[in-house]
Amino acid sequence: MSGLQPPRGTHDLIGDTMRRHHHVVETARRVLQTYGFEEWSTPIFEDTRVFSRTLGETSDVVSKEMYTFEDRGGESITLRPEGTAAICRALVTNGLTQSLPQKVFYHGPMFRYERPQKGRYRQFHQIGGELIGAESPLRDAETIAMAQDILRELGLGDHVTLELNTLGDLASRQAWREALVAYFRDHADALSEESRIRLEANPLRILDSKSEQDRKLLDDAPAFADYLNDESRQFWDGLRSSLQAFGVDFVENPRIVRGLDYYSHTAFEFVTSKLGAQGTVLAGGRYEGLVEQMGGPAIPAIGWAGGIERLAMLLDSVPELSAGIALVPMGDEAVLKAASIARALRSAGLRAEIETRGNMKKRMERVVKSGASHAIVLGDEEIAKGVVQLRDLSSREQQEVPFADLVRVLSTGRA
């Protein structure tokens with residue numbers, strides 16, 4: 001069994017990596033709760049139809065990337081490739097479609113079989129927010145502002161740019177789609193092979209193409225702004241003015257698209273230049289048919305998801321562990337007393353560890369190296385007097401503290 005490695009495209013979360021991951025989640029959780037969002041957790045695998053119906057059979061995720069298998073009962077099961085569909089399934093399953101709005105956030109592992117690259121894994125982690133029952137462009141803007149607040153709290157405000165687009169309503173999008181298809185068919189010979197396939201199955205995805213030959217064609221492609229009807233223009237104007245009211249800066253990018261029919265109006269991405277070509281760290285949009293596809297009523301919603309690995313990579317520093325308190329007992333009776341003291345400290349919310357290996361010098365060397373703030377030294381003499389020797393490792397001051405006063409002294413810093 002020697003030489004075993006994690007499967008390609010996966011990684012272990014330990015040490016600094018885990019601390020970065022945890023910091024992203026806890027920071028986001030704190031901001032999300034200020035907006036009234038509640039945490040949900042759904043299974044990491046679902047009935048395959050949850051994703052194949054909603055993401056579209058022709059999408060890259062469904063056709064190339066999903067981890068799908070048949071379980072022992074003959075059911076088709078898929079490891080979740082994203083979180084939104086599962087949240088909408090949970091809304092319907094738990095009978096919450098009449099209790100709107102629902103403000104939900106989630107985090108956890110997602111799975112896609114794709115080529116691993118910087119910040120992108122086959123098992124990756126996302127944190128996302130969904131406002132189900134978003135009745136106006138104000139709610140879209142508020143949800144985007146919430147995402148920006150998270151990025152700012154992570155210290156990434158100066159490293160990301162919000163790019164914004166409108167997808168209009170279904171009627172506007174259909175008219176534009178027809179114009180795009182006609183344009184690309186006239187230039188089919190100049191398209192990349194992948195885009196020629198997309199032309200028949202999902203033409204809007206051509207706008208996402210990274211191929212140089214495709215991007216040359218995009219400059220002269222029909223502009224979506226020319227196909228927006230009055231209702232869509234009003235929504236777009238309302239979104240931009242609401243973002244300004246929330247103090248959110250943005251850059252309009254007409255090439256941001258969502259190739260699925262249930263997306264409408266708002267589409268956005270927070271992008272950075274610090275991760276190379278794969279620069280999107282958080283993205284989302286408004287959707288209006290997803291709950292309906294799960295068997296519920298037509299409910300408009302706005303949501304986003306961010307890659308935790310990518311966000312963690314952008315952090316300037318690794319969050320440090322809180323300084324702990326080291327107990328250094330000398331003698332069997334002192335070890336038992338240290339166990340009792342450690343329990344009292346932990347009950348008070350203080351981090352405490354008992355150091356028992358080696359002589360006093362070796363123990364103190366490890367304690368100092370651990371970054372502990374204080375050392376509690378006790379032996380037979382201290383036990384007899386009912387005290388400990390409390391040493392402040394930064395100031396090197398030492399004081400004798402009774403057992404009964406130890407928690408108070410460590411909590412308040414006063415003898």
Side-chain angles (χ1 to χ4, degrees), residues 5-13 17 21 24-25 41-71 75-90 105-130 194-195 197-198 201-202 204-211 256-263 267 269-272 275-285 287 290 293-294 303-314:
Q5 298 292 322
R8 185 167 186 259
T10 67
H11 65 138
D12 299 314
L13 296 174
T17 304
H21 184 102
V24 170
V25 172
S41 179
T42 62
I44 65 169
F45 58 87
E46 297 269 0
D47 185 314
T48 297
R49 293 172 295 177
V50 169
F51 305 113
S52 62
R53 286 182 176 179
T54 58
L55 300 181
E57 296 287 356
T58 61
S59 70
D60 285 351
V61 173
V62 174
S63 63
K64 300 177 183 179
E65 299 172 1
M66 291 203 319
Y67 280 91
T68 298
F69 59 94
E70 188 175 292
D71 68 10
E75 301 291 334
S76 181
I77 298 296
T78 295
L79 299 179
R80 63 185 182 195
E82 56 92 41
T84 303
I87 291 295
C88 289
R89 191 275 307 152
F105 74 93
Y106 61 88
H107 68 91
M110 310 293 166
F111 305 84
R112 294 187 187 183
Y113 189 87
E114 56 184 344
R115 184 173 64 85
Q117 52 191 291
K118 186 177 183 180
R120 176 172 289 179
Y121 300 90
R122 289 176 176 176
Q123 176 181 314
F124 58 101
H125 298 77
Q126 281 188 339
I127 187 159
E130 313 288 345
E194 184 177 29
S195 287
I197 296 172
R198 286 175 170 173
N202 199 347
L204 293 187
R205 291 296 311 279
I206 297 176
L207 301 178
D208 280 335
S209 175
K210 302 299 187 291
S211 166
I256 296 177
V257 298
R258 297 288 182 267
L260 307 177
D261 287 344
Y262 57 75
Y263 277 106
E269 295 180 357
F270 285 91
V271 299
T272 180
L275 292 176
Q278 299 296 327
T280 302
V281 295
L282 188 151
Y287 52 96
L290 188 50
Q293 290 189 30
M294 296 295 177
W304 53 259
I308 296 177
E309 281 86 355
R310 291 189 175 190
L311 292 169
M313 288 170 63
L314 289 171

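Nothing fancy with the numbering, it's 1 onward along the sequence.
A donor-acceptor pair is defined here as one N or O able to donate and one able to accept, closer than 3.5 Å; no such pair exists between the side chain of R122 and the backbone of F111. Under the 3.5 Å distance criterion, the side-chain polar atoms of S76 are left unmatched by any main-chain donor or acceptor of T48.
Every salt bridge (charged side-chain N to carboxylate O under 4.0 Å, His left out) that R89 has, sequence neighbours left out, goes to E46.
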* Just do the side chain to side chain contact (heavy atoms under 4.5 Å, CB included) check on V50 and M294 with the steps written out, would you? => CA-CA 7 Å; V50 169; M294 296 295 177; 3.8 Å; yes
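A distance of 12.0 Å separates CD of E65 from CZ of R115, quoted to the nearest 0.5 Å. Rounded to the nearest 0.5 Å, atoms CZ (F51) and OG1 (T84) are 10.0 Å apart. Note that the CD atom of Q126 and the NE2 atom of H107 stand 12.5 Å from one another [nearest 0.5 Å]. Put simply, OG1 on T78 and CZ on R49 are 11.0 Å apart, with the number rounded to the nearest 0.5 Å. To the nearest 0.5 Å, the span separating CD on E269 from OG1 on T280 amounts to 4.0 Å. The CG atom of L282 sits 12.5 Å away from the OG1 atom of T272 when rounded to the nearest 0.5 Å.
Using cut-offs of 30° and 60° on the angle between ring planes, the pair H11 and H125 is perpendicular.
I87 is listed as a side-chain neighbour of T42, based on a closest heavy-atom distance under 4.5 Å. For the pair Y121 and T10, the minimum side-chain heavy-atom distance is 4.5 Å or more. Annotation: side chain of R310 is not in contact with side chain of F124 (no heavy-atom distance under 4.5 Å).
More than 12 heavy atoms of other shown residues, nucleotides or ligands fall within 6.0 angstrom of atom OH in Y67. Surrounding OH of Y113 are at most 12 heavy atoms belonging to other residues, nucleotides or ligands under 6.0 Å away.
Nearest heavy atom pair, residue P81 against residue R112, reads O-NE, 3.0 Å. The two atoms that bring I256 and A267 nearest to each other are CG2-CB, 3.9 Å, heavy atoms only. Between W304 and I127, the shortest heavy-atom distance links the atoms CZ3-O, 3.5 Å. The shortest non-hydrogen separation linking C88 to Y287 is SG-CE1, 3.8 Å.
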